[in-house]
Amino acid sequence: MLKLQHAIICLLCGYLSETMAFPSILSDIDWKAGVELLGNFEWPKTTLPTKRETAPNGSTILWIIQDTYEGSTFFDTFNFYTGADPTNGLVTFVDQQAAFNDGLASITSDNKVIMRGDNTTKLAYGVNRNSVRIASQAEYNMGLFILDLDMAPWGCGVWPAFWTLGSGTWPYNGEIDIIEGVHDNEHNQVTWHTAPGCNLTQNTNFTGTIVQTNDTDNLQCNAFINNNAGCGVTEWSQASYGPLFDEANGGVFAMNWDENGIAVWSFYRATVPLDITQGRPDPSNWGEPVAALSTQSCNITNYFANHSIVFDITFCGDWAGNSYATSNCPGTCEDILMDPANFVNASWIINSLSVYKQSWLDISNASSAIRTHPIMNLKTGWIISTVIFLHVLVSL
């Protein structure tokens, strides 16, 4: 039987080689890939998502990896910031050499990236605590940013953030705060800070709650009003920040910035979508975001441009300091800053940060290309089908 099958295949392939150029791609295909055994028979097994994002012209949107930050090379393309904290934190940001020498930045043997605030030095009253702030050398205009981490910093007086920042004079190219919180809060806050004229739309679909000032929704992202509150959204999940997030072995945060707006999702470890873990992210499968800024009330391209990626850990300052009295933390923020034991949880533990860019798959053009390809004409289509079928039989 096998000899007969081989003979037929050889005859057909010989015919094809004389009538047309047989694409080399067919010879490279693993014909048994994606086949799952069911009893004594095998059916093709699909792993396609249930739906895909589409562009305004109807094209399918695919996200293609652009940059990956992880492991031993993570810090190679980040710069360490050593200036004063613009949020008035009681912090000294150290350079790369000091950070590595003092254990504030490191890579573990299993390639986890560590950044932390100093948790070993006892300070005198009024002395700043050392920490790190880094910014990517690359700048981005739109993209899908996916951070996988085991731990985000928290604790009394602690104020961490994972964010993107526009170049030039702040806030004219915008700021997007993806992870931000203070003390031992349980709910992450997503915030946008912009020049005047960009606003949050109340009827946009997202699961979080709009941050308020004096019982009024902060809809204006304008950084020059409301003490730079911006337009923020508090996540509903108690596992989106602080101790519960860390107890759940962390998770994934994703920010999608495209022509439709800016949206943020968060997933604790047990709920991370399969398309993310497989490196084929598709936000259309993730449900409603926790926060979203739509183009309905904000021209995204006018207010957000040339963003670098930033991680930092500061202490006290404009948010953590001003909110300390109502935080249920002991004493004052200045007092707690002195004892290093208060900062054992002020650490980032990062598995990877991936940045994807959009690629549009024009189905209409692809279909046209398939129709005009020489191996798909009616005369030879049945021959290709026969070859594939017999090749599968031989391979089994």
Side-chain angles (χ1 to χ4, degrees), residues 80-95 98-106 114-134 149-163 175 177 179-189 191 193 211-214 226-230 232 234-235 238-247 250 310-350:
F80 280 70
Y81 172 82
T82 58
D85 181 8
T87 62
N88 302 306
L90 303 180
V91 65
T92 298
F93 292 121
V94 301
D95 62 26
F100 275 89
N101 289 344
D102 297 341
L104 304 187
S106 62
I114 309 295
M115 288 178 282
R116 59 168 52 100
D118 172 26
N119 60 11
T120 62
T121 307
K122 188 170 180 61
L123 302 177
Y125 185 87
V127 176
N128 288 353
R129 184 162 293 280
N130 287 352
S131 187
V132 293
R133 170 174 164 169
I134 63 172
L149 70 168
D150 288 347
M151 179 178 186
W154 59 277
C156 289
V158 178
W159 178 6
F162 162 57
W163 46 303
E175 173 183 331
D177 300 325
I179 302 177
E180 190 174 25
V182 293
H183 313 306
D184 54 359
N185 288 0
E186 298 175 331
H187 303 272
N188 179 51
Q189 182 170 310
T191 308
H193 303 267
V211 176
Q212 295 186 331
T213 297
N214 298 323
N226 296 329
N227 295 314
N228 183 29
T234 302
E235 293 200 39
Q238 290 181 307
S240 60
Y241 181 86
L244 291 181
F245 178 77
D246 295 344
E247 290 173 11
V310 184
F311 292 89
D312 76 272
I313 308 169
T314 189
F315 310 107
C316 303
D318 294 340
W319 188 5
N322 292 339
S323 64
Y324 195 88
T326 58
S327 67
N328 295 319
C329 290
T332 67
C333 205
E334 292 78 6
D335 290 335
I336 206 166
L337 191 69
M338 301 166 63
D339 186 355
N342 293 318
F343 303 97
V344 294
N345 295 309
S347 299
W348 295 101
I349 303 179
I350 297 169

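The figures here come from the full heavy-atom set of this structure, side chains too, leaving out hydrogens, waters and symmetry mates. Sequence positions, counted from 1, serve as the residue numbers for this chain.
- Here the shortest heavy-atom pairing between Asp184 and Pro243 reads O-CD, 4.1 Å.
- Atom CD1 of Ile179 sits about 13.0 Å away from atom CD of Gln189, to the nearest 0.5 Å.
- Separation of atoms CE (Met115) and CD1 (Ile134) is listed at 4.0 Å; rounding is to 0.5 Å.
- Under the ring pair (Phe, Tyr, Trp, His ring centres under 6.0 Å) criterion, Trp154 pairs with no residue, sequence neighbours left out.
- Residues meeting the side-chain hydrogen bond (donor to acceptor under 3.5 Å, both in side chains) test with Thr332, sequence neighbours left out: Asp335.
- In this structure the side chain of Cys156 reaches within 4.5 angstrom of the side chain of Tyr324, judged on heavy atoms.
- A distance of 4.0 Å separates CZ in Phe311 from CD1 in Ile350, rounded to the nearest 0.5 Å.
- Checked against salt bridge (charged side-chain N to carboxylate O under 4.0 Å, His left out), Arg116 has no partners two or more places apart in sequence or in another chain.
- Between Gly117 and Ser131, the closest heavy-atom pair is CA-OG, 3.9 Å.
- Looking at every heavy atom in both residues, Cys316 comes nearest to Trp159 through O-CE3, 3.3 Å.
- In this structure, Phe162 and Trp348 have perpendicular ring planes: the angle between them is above 60°, well past the 30° mark.
- To the nearest 0.5 Å, atoms CG (Asp318) and OG (Ser323) are separated by 10.5 Å.
- Counting only heavy atoms from C-beta outward, the side chains of Val158 and Phe343 approach each other to under 4.5 Å.
- Between Phe315 and Ile336 the shortest side-chain heavy-atom distance does not fall below 4.5 Å.
- Expressed to the nearest 0.5 Å, how far OG1 of Thr87 lies from CG of Asp312 amounts to 7.0 Å.
- For the pair Met151 and Asn345, the minimum side-chain heavy-atom distance is below 4.5 Å.
- The environment of Asn227 atom CG is sparse: at most 12 non-hydrogen atoms of other residues, nucleotides or ligands sit within 6.0 angstrom.
- Between the CH2 atom of Trp163 and the CD atom of Glu175 there is a distance of 5.0 Å, given to the nearest 0.5 Å.
- Contact check for Asp177 versus His193: side-chain heavy atoms found under the 4.5 Å cut-off.
- Gln238 meets the side-chain hydrogen bond (donor to acceptor under 3.5 Å, both in side chains) test with Glu186; sequence neighbours excluded.
- Test Asp102, Leu104, Val132 against Asp118 for side-chain contact (heavy atoms from CB on, under 4.5 Å) and you get one pass: Leu104.
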**Prompt:** Going through the distances and angles, do Asp85 and Phe93 end up as a side-chain contact (heavy atoms from CB on, under 4.5 Å)?
**Reply:** CA-CA 8 Å; Asp85 181 8; Phe93 292 121; 3.8 Å; yes
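- No donor-acceptor contact under 3.5 angstrom links the side chains of His183 and Asn328, judged on distance only.
- A distance-only check finds no donor-acceptor pair linking the side chain of Tyr241 to the backbone of Leu244 [under 3.5 Å].
- Between the side chains of Thr213 and Asn226, no donor-acceptor pair is found at a separation under 3.5 Å.
- Residues Val211 and Thr191 fail the side-chain proximity criterion, which asks for heavy atoms closer than 4.5 Å.
- When side chains are defined from C-beta on, Tyr125 does not count as touching Leu337, because their heavy atoms never get closer than 4.5 Å.
- Scanning for side-chain hydrogen bond (donor to acceptor under 3.5 Å, both in side chains) contacts around Glu235 gives Asn188, Ser266, with sequence neighbours left out.
- Asp95 places a side-chain N or O within donor-acceptor distance of the main-chain N or O of Ala98, the cut-off being under 3.5 Å.
- Here Asp150 pairs with Lys112, Arg269 under the salt bridge (charged side-chain N to carboxylate O under 4.0 Å, His left out) rule; sequence neighbours left out.
- Taking both residues in full, the closest heavy atoms of Gly157 and Cys333 are given as CA-SG, 3.8 Å, listed atom of the first, atom of the second, then distance.
- The closest donor-acceptor contact from the side chain of Arg129 to the backbone of Leu90 lies at 3.5 Å or more, if one exists at all.
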